[in-house]
Structures are given as C-alpha cells and as structure tokens.
Amino acid sequence: MKSAVETLNPTRVRLTVEVPFEELKPSLDAAYKKINQQVTVKGFRQGKIPARVIDQRFGRGAVLEEAVNDALPKFYTEAVNEGELNVLGQPDVDITELKDGELLAFTAEVDIRPALEIPDYSGIEVEVDAVEVSDEDVTKSVEQLRERFATTSPVERAAQDGDVLTLNLEAKVDGEVLEDGVAEGVTYTVGSGELLDGIDEAVTGVEAGGSTTFTSELKGGSAEGKEAEVKVEVTEVKSRELPELDDDFAQLASEFDTFEDLQADSRKRLEQMKKYDQATQAQEKVLDELLKLVEVPMPEKLLADEIETRKHNLVNHQLGQMGLDLAKYLEIQGKSEEEFDAETKEQAEKGIKTQFILDELVNKEKLNVSQEELTEHLMRRAQSSGMSPDQFAQAVVEGGQVPMLVGEVARGKALAVVVEAATVKDSNGEVIELDDEDETAETVDATEATEAEAEGAEEKPEA
C-alpha cells in the first residue's frame, strides 16, 4: 500500500491511498464467505458455493463492493498511522479507481488537530475578588439556618405576611374551569412571591374557611399566558415561629454548644466558600488569558458538529425536561435566534480551543494521570451525576469513556500548571497563593464547564 498526505489547510488533509489488488485478498475471501452464508444456489450446499458461481449469479461487482467496504477502514487507519496524523471525526472517502485484479485507489479527506505553538505563559496576571466576610454575611447565613428550624402552629385569625396557608385553587378562563386548573391542599407561604401574581394580596386578611377571587396571568399549563379568574379557598392558617438566636438554638441546629461558636463556624464556612469561588474565578480568568495567547485554527466540520450537538442537548434534554421548546426558552431569555446562534458558536469555539490548548500542554509538560487521580475524579463525577461510584464506573467502562475521563483529569492538571505560573492578585492588590491540595480538582471542574467533546473517533468509513 502507498499513501500520500496533502495539506488542504491547517486543520484538514487529503489522504491519497493506492492498494495493490493482492492486498485485498483477505477481504475478498471474507466477502465470498459472507455471501456464501447469505444465499442459496440449487445444486450446492449453503456455504459451499464456488466463487465462480457467485460471480455468475450475483455479479463480481457485489463481491468487490463487499470486499472494499470491509478493507477500507484497515487501509485508511494504516495511512493515518503512516502519516502520523491526529485525526478528528469521520473521513469523507471517495473511491477514485477500482480495477479488478489490479488496483484499489481512494482519497479520504479528514479534519486533524492543528499544530499549536504554546508561548511563554508565565507573564499572565489576573485579578480576582478578595476574600472578605462581613458581619452582615454571617448574620444572613445564620438567618438562613434559623429559617430551616422554624415551626408552624394553627391560628384562628386572618392570614398575614409570613403565614403558611393550605389552599384549594380553581382557575377559569372565559368562564370555563381548566382541566389542569384545579389544585387542592397546596401549601403556600404568604409573601414568598411564588405561585401566581396577585395571590399574596388576595389571601392576606382571609381566615381559615374563607375564600376570595382574583385575576392573574397563568405562568404554565394549557392556558399559559392567558388571564384567568382564580378562586382560592383558605382551609388552614398557620403562623411561623422562629427559634431564639441563643445557645439552645446552637445546640439544636449544629454540633456547637454556644451561639458564639455557631457564628464563628458560619464565618469560617463562608471564608472557605469564598476561597473556593476565588480559586475558580482565578482559573477561569487565567484560562481566558491563555486562550488569547494561542492562535488556534478551527476545524470547520468539527465546529459545525459541536454547535449542532450543543443545540441538540439543550433542546432535547435540558429544555425537554422543563417542558419548554427553543422558542419559549429564547423568549424567557430575551434573546433572538441570531443572538442564540452567535453565543452557541462562541461557546463551541471556546470549548474546542480549550481542549486543543490544554491537550498540547499535557504533551509539552509530559503530564500523566495516576490511578488515584482518576479514581478521585470518577468519585466527583459520580456524585454530580447522582449515581453511586460503582454504577458510574460501570457505565463509563461499558460506554468506552475511560479515555475521556483521563483526558479531563490531564487537562485539569495542565491548567493547574498555568495557574501556578501566573500571577493572581485580589482586588486589594494582594498576591494570592492558591491551595495546592484542591487546585487540581477545581481546575478539572473549571475546564469541564467550557470544554467541547472534540475528541475525534476513527470510525469505519463508508465506501
């Protein structure tokens, strides 16, 4: 077999391959055997039909087509390896010559990873928010905890702000009760702003056993967006009581004996959260600066496929689960279809560039992924997916996704190297030293948020 590589542009090549006919013999034998098992010819046992009879009855062309389809992937892969190409996605194959007994020739155009030059990135400097926890932040955190331990008790008075009510609802449009417009036993907190516009004003002042009617625009269901007359019956009124902020509350809501210790712990937790946010912010900003430094030619077909994949996942998975279509989503977001397409393209480009650059850094820095690092990453991914580690690991292995996970960890380590070399200052001008213990885990998370699934698979080309 002979092959040659023609560079069409920095991200696409054309392979020209010539195969002497004798190298097709294994595939020709396999083709005759396959056809033998599929057809019957009077006078011959199945599987024992001579090749000349198959040629006469079914045509030599059918045999050649079967043989070529079987052989193409092997010869294509050999040509890719011979040319030391890092291919992306499916090739476009064209058989240019097929002479029975003499020659098979074909071309294959395919996207490749572009060659990248990674410049010195040690000069990158970014600014992040300072870690500052105010007394107000601590108070808000403690209040949120206090809300979780609120108690309710029935009261014989009119509903007021903050009360928890049990309601029966009935919505009419044009005088007709909607099939999906009736709900009973709905729990609602007055002043929460949930359910329907106008409901807070309607139920305030109503006692248990009372009812009222108000008009509101429906937010969902069969008559979404229409004005409805809503009848609401209040079947129970409960007042909410918050616990006193004292040592008893600390013992009830935490492992601490004093309220002072609970406050100190809240401050510590808030500081840790802000440090994590600061580290994530640093990594995202360093990544943005790194992307500016490297010129990345963009494979057009890969980009088009990535844009289509992102749209498909949004429409068929995320929006589908919420009962929305793309038009409604864009309306809610206040975006035009053109703006959405532009944003999707920008995100896809950033994802592909991120993966290309970080993969190049993995090679340049000779970064390896240990079994321990892979296991830790798998545990995090399992937790975020809602699966047990064993279930997630089994799904990864069965789906052939282990190389993908290894790549995620390796790219996280590559970004960590760049972050370590960069200068990170907070808004107060102080140089920040990120915690090495969690840095790799955080950078993996940061890169996952922007990466595209741009790993091309060498799949079987069709003749």
Side-chain angles (χ1 to χ4, degrees), residues 131-171 180-221 228-277 321-323 383-384 386 388:
V131 173
E132 297 173 344
V133 178
S134 66
D135 292 342
E136 184 180 345
D137 292 332
V138 176
T139 298
K140 183 178 179 181
S141 176
V142 172
E143 280 296 330
Q144 290 173 343
L145 181 62
R146 186 188 189 193
E147 288 282 344
R148 290 167 51 191
F149 286 87
T151 58
T152 60
S153 56
V155 292
E156 295 182 0
R157 60 164 172 75
Q160 59 189 36
D161 192 49
D163 284 346
V164 179
L165 311 183
T166 303
L167 309 175
N168 295 332
L169 300 168
E170 180 185 86
D180 56 354
V182 178
E184 296 183 351
V186 177
T187 301
Y188 180 71
T189 301
V190 182
S192 66
E194 300 172 353
L195 288 182
L196 296 167
D197 293 337
I199 193 170
D200 289 324
E201 294 82 358
V203 298
T204 299
V206 179
E207 298 182 11
S211 64
T212 186
T213 302
F214 67 101
T215 301
S216 181
E217 181 180 308
L218 298 179
K219 296 181 179 180
E229 183 183 88
V230 182
K231 179 182 178 182
V232 54
E233 296 178 351
V234 179
T235 61
E236 188 175 37
V237 178
K238 291 182 179 180
S239 65
R240 294 177 76 252
E241 297 178 6
L242 296 172
E244 293 294 328
L245 296 178
D246 53 20
D247 292 348
D248 289 339
F249 170 68
Q251 294 165 22
L252 171 68
S254 71
E255 70 271 27
F256 301 104
D257 293 327
T258 68
F259 182 64
E260 184 178 347
D261 288 342
L262 173 60
Q263 287 180 304
D265 182 68
S266 294
R267 183 179 294 276
K268 181 180 178 181
R269 289 176 183 273
L270 288 171
E271 286 177 349
Q272 290 174 338
M273 289 173 58
K274 286 181 178 285
K275 283 183 178 179
Y276 182 90
D277 292 343
Q321 292 176 356
M322 295 186 289
Q383 185 177 17
S384 65
S388 72

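All values derive from a computational prediction rather than experimental measurement.
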For Val237 and Ala159, which heavy atoms make the closest approach, and how far apart are they?
CG1-CA, 4.1 Å
Any side-chain heavy atom of Thr166 within less than 4.5 Å of one from Val186?
no
Minimum heavy-atom distance between Ala171 and Ala228, given as atom pair plus value:
CB-CB, 4.4 Å
Could I get the full list of side-chain contact (heavy atoms from CB on, under 4.5 Å) partners for Ser266, not counting sequence neighbours?
Val138, Ser141, Val142, Leu262
Min side-chain heavy-atom separation Thr187-Leu165 under 4.5 Å
no
Matching residue for Asp265 among Arg269, Arg267, Lys268 - test: side-chain hydrogen bond (donor to acceptor under 3.5 Å, both in side chains)
Arg269
Listing request: all salt bridge (Lys or Arg N to Asp or Glu O under 4.0 Å) pairs with a residue in residues 149-163, at least two apart in sequence or in separate chains.
Arg157-Asp163
By side-chain contact (heavy atoms from CB on, under 4.5 Å) - contacts of Ala253 (at least two apart):
Leu145, Phe149, Phe249
Going by heavy atoms in the side chains, are Thr213 and Val230 under 4.5 Å from each other?
no
With sequence neighbours left out, which residue pairs that include part of residues 186-214 fulfil the salt bridge (Lys or Arg N to Asp or Glu O under 4.0 Å) condition?
Asp197-Lys219
Listing request: all salt bridge (Lys or Arg N to Asp or Glu O under 4.0 Å) pairs with a residue in residues 239-256, at least two apart in sequence or in separate chains.
Glu147-Arg240
Quick one, Leu167 and Thr235 - any side-chain contact, counting heavy atoms below 4.5 Å?
no
For Glu233 and Ser211, the nearest pair of non-hydrogen atoms, with its separation, is CG-CB, 3.9 Å
To the nearest 0.5 Å, atom CD of Gln263 lies from atom OG1 of Thr139 at 7.0 Å
State, yes or no, whether a side-chain contact exists between Lys274 and Val133 at a heavy-atom distance under 4.5 Å.
yes
Grab the two heavy atoms, one from Glu132 and one from Asp137, that are nearest each other, plus how far apart they are.
O-OD2, 3.9 Å
Can you name the residues that form a salt bridge (Lys or Arg N to Asp or Glu O under 4.0 Å) with Glu170, not counting sequence neighbours?
none
Taking the side chain from Asn168 and the backbone from Val234, do they hold a donor-acceptor pair closer than 3.5 Å?
no
To the nearest 0.5 Å, tell me how far Asp277 CG sits from Gln272 CD.
12.0 Å
Looking at Glu271, I want to see if its CD is surrounded by more than 12 non-hydrogen atoms of other residues, nucleotides or ligands under 6.0 Å.
yes
After noting the C-alpha distance and the side-chain angles of Tyr188 and Leu195, does the key distance pass the side-chain contact (heavy atoms from CB on, under 4.5 Å) rule?
CA-CA 8 Å; Tyr188 180 71; Leu195 288 182; 3.4 Å; yes
Do Phe214 and Leu196 come close enough that some side-chain heavy atom pair is under 4.5 Å?
yes
Closer than 4.0 angstrom, basic N to acidic O: yes or no for Glu143 and Arg146?
yes
Could you tell me whether a side-chain N or O of Thr189 sits under 3.5 Å from a main-chain N or O of Ser192, the two making a donor and an acceptor?
no
